[in-house]
Amino acid sequence: MKKLLESTKGAVALALTVTLFGTTAFGVEPPSTTEAVETQATEQTTPVLTYEEALEKAKKHSIDLIDLQKTNEFLEESKEDLWDATGSFTLPTYDYQKWVNDAVHGYTSAIYDTDSGMKKNKYATQVTNLMLEATLKSTFASIVENEANLELLKKAGGIEKTLYEQGQTKHRLGMISTYKLDQLKAEYEKSKKKIYQLEKSLEQMYISLNDTIGEPVDKEYIVEYDVEFEPYVLQGTLESYINAQINKDYSILLKEQAVQDAKFGTNYLAESTTNATNKLNKNSYESAKRALKAAKEEKEVAIRNAYVQLEQSEAAYEQAEADLVQAQADLKTTEVNFQAGNITKLTLEQAQLGVTKAENALDDLARAYDMQVFAFKNSSLIVGGGSGGSASSAAGSQEKSQK
């Protein structure tokens, strides 16, 4: 009987030893030589797509940019036609009200409308280009971030699988309850669902990217998007920067052009213009001026908020750096304990996963900060002027979050 008990204890010990110490990294078998060669071959044949290459493709494929180009060509042709018809393409002064013959007003207005249309088309083209750049930056950052998260989830899923397998052994040996085993199983199943959902999200991101750059929706490539964290240094005062940005902000320039359009309509009048139309023109002019004033005020507040958010993101990045240092220190301690035989390999893998999480968080913040700086340098992309408003691109760029 004693020998039987000793034999049973030995079997239990052996089972636990195999389960707790005999697992491979993250609970998965190492790839065979054939699998490794196939993976390497796939990586070699799959083309690499950089942000610069994607942007070039997207600009050529953009329907909006094509339409704007066609509009510009039309306006250029209209300008030439007016030149041929009138012998000049000069605008009259309209700082005060002037009543002219209806025919003169007709071709002069056509000259003004063509000139104004060319300016607005130019500003719209610049805004569209910026939005396209912001969209691709956001898309590339999301893809790279989620691919890193997917790898992290797979490693975490491997650990959940190992914990569940250990739990099955412990349950058979009567060391844990069925309830505890069900919890371990639920966590493992949850990790598998997370992986599946993220894989599908990535698939959608690639489809959207292919659509943006004009490639077949099922085309595959490796996205390359490396961003270094470089703290933004403001040259001069914030006030001087705001003034400079407002003077070249395309959304403000469009508002200014709207004021000029309304001013021309108010001051350059055909003889047949009625009193009611004259009053309506004056009201439109005053309304355009108020809209411009409000837009400048909102833009100033938005730029100030954007600058504050840059400072907040810099502080968040410093904290993330500290978190990474702590995770690396914890890993070193864990490695020492593992070598001494005080902990299991699974505990070591969990510490390694902690370092990977901290590294990913740092990379995510760097990419998001780069997006913020891009919007800050191109204030046409900054929206929102109220308190607590955030700086974001018109393309829905990623907002800074402290992870």
Side-chain angles (χ1 to χ4, degrees), residues 50-52 54-56 59 119-120 122-141 144-145 225-257 259 292-322 324 361-403:
T50 66
Y51 168 76
E52 291 75 17
L55 182 59
E56 184 178 352
K59 286 184 176 181
K119 289 178 181 177
K120 289 185 285 190
K122 176 184 175 183
Y123 300 150
T125 299
Q126 296 298 332
V127 169
T128 303
N129 273 306
L130 284 175
M131 290 177 64
L132 196 55
E133 290 182 53
T135 297
L136 279 177
K137 275 182 172 289
S138 178
T139 302
F140 266 63
V144 172
E145 177 179 339
Y225 190 61
D226 297 323
V227 174
E228 296 292 333
F229 182 85
E230 296 182 8
Y232 178 77
V233 179
L234 184 66
Q235 302 298 324
T237 65
L238 182 58
E239 284 69 23
S240 63
Y241 180 83
I242 290 173
N243 290 332
Q245 284 293 313
I246 287 178
N247 287 333
K248 64 180 182 179
D249 186 287
Y250 296 118
S251 62
I252 300 299
L253 290 174
L254 284 167
K255 292 285 187 182
E256 289 178 343
Q257 188 58 42
V259 170
L292 173 61
K293 182 176 181 294
K296 287 184 176 180
E297 291 172 350
E298 290 176 0
K299 184 66 67 170
E300 177 181 351
V301 174
I303 293 174
R304 289 184 184 277
N305 283 337
Y307 187 66
V308 171
Q309 288 183 344
L310 284 178
E311 294 176 319
Q312 290 174 328
S313 295
E314 289 163 9
Y317 189 84
E318 290 178 1
Q319 180 59 55
E321 285 182 314
L324 175 58
L362 205 60
D363 291 339
D364 293 347
L365 285 170
R367 284 187 290 268
Y369 182 78
D370 176 72
M371 189 70 223
Q372 278 186 306
V373 171
F374 179 75
F376 187 73
K377 289 180 177 179
N378 298 280
S379 62
S380 302
L381 297 173
I382 301 177
V383 296
S387 60
S390 63
S392 63
S393 78
S397 66
Q398 295 171 322
E399 197 172 299
K400 280 305 183 191
S401 60
Q402 297 183 16
K403 300 183 178 179

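For E239, the side-chain hydrogen bond (donor to acceptor under 3.5 Å, both in side chains) criterion is met by R304, not counting sequence neighbours. Looking at residues two or more places apart in sequence or on another chain, you find a ring-ring contact (aromatic ring centres under 6.0 Å, His included) between Y232 and F376. With sequence neighbours left out, the side chain to side chain contact (heavy atoms under 4.5 Å, CB included) criterion links E321 to Y317, E318, L362. With sequence neighbours left out, the side chain to side chain contact (heavy atoms under 4.5 Å, CB included) criterion links A124 to L68. Remark: V259 engages Y285, A288, K289, L292 in a side chain to side chain contact (heavy atoms under 4.5 Å, CB included) (not counting sequence neighbours). Evaluation of the side chain to side chain contact (heavy atoms under 4.5 Å, CB included) rule for K248 yields Q245 as partners, not counting sequence neighbours.
Within a 6.0 Å sphere centred on CD of E311, heavy atoms belonging to other residues, nucleotides or ligands number more than 12. When the shell of 6.0 Å around NZ of K59 is examined, it contains more than 12 heavy atoms from other residues, nucleotides or ligands.
Side-chain contact between Y250 and N129 is absent, with no heavy atoms from C-beta onward closer than 4.5 Å. Looking only at side-chain heavy atoms (C-beta outward), Y307 and I242 stay at 4.5 Å or farther from each other. Counting heavy atoms from C-beta on, the side chains of F140 and T50 never come closer than 4.5 Å.
Between the side chain of D370 and the backbone N or O of A366, no donor-acceptor pair lies under 3.5 Å. The backbone N or O of I246 lies less than 3.5 Å from no partner atom in the side chain of K299, so there is not a single donor-acceptor pair. Between the side chain of S313 and the backbone N or O of Q309 there is at least one donor-acceptor pair closer than 3.5 Å. Side-chain N or O atoms of D249 include one that pairs as donor or acceptor with a backbone N or O of I252 at under 3.5 Å.
The structure places CG of N378 at 13.0 Å from CE of M131, a figure rounded to the nearest 0.5 Å. Between the CD atom in E314 and the CG atom in L365 there is a gap of 11.5 Å [rounded to 0.5 Å]. We find the CG-OG distance between L234 and S240 to be 7.0 Å, quoted to the nearest 0.5 Å. Between atom CG of residue L238 and atom CG of residue N243 there is a gap of 9.5 Å, rounded to the nearest 0.5 Å.
Residues E133 and K137 are not paired through a salt bridge, judged by the lack of any N-O separation under 4.0 Å between the basic side chain and the carboxylate. Taking a cutoff of 4.0 Å between a charged side-chain nitrogen and a carboxylate oxygen, E256 and K119 do not qualify as a salt bridge.
Here the closest heavy-atom approach between residue Q372 and residue L310 is recorded as CB-CD2, 3.7 Å. Nearest heavy-atom pair across S251 and S380 is N-OG, 4.1 Å.
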Fill in: Pair E297-K293, salt bridge (charged side-chain N to carboxylate O under 4.0 Å, His left out): steps then yes or no
CA-CA 6 Å; E297 291 172 350; K293 182 176 181 294; 2.7 Å; yes
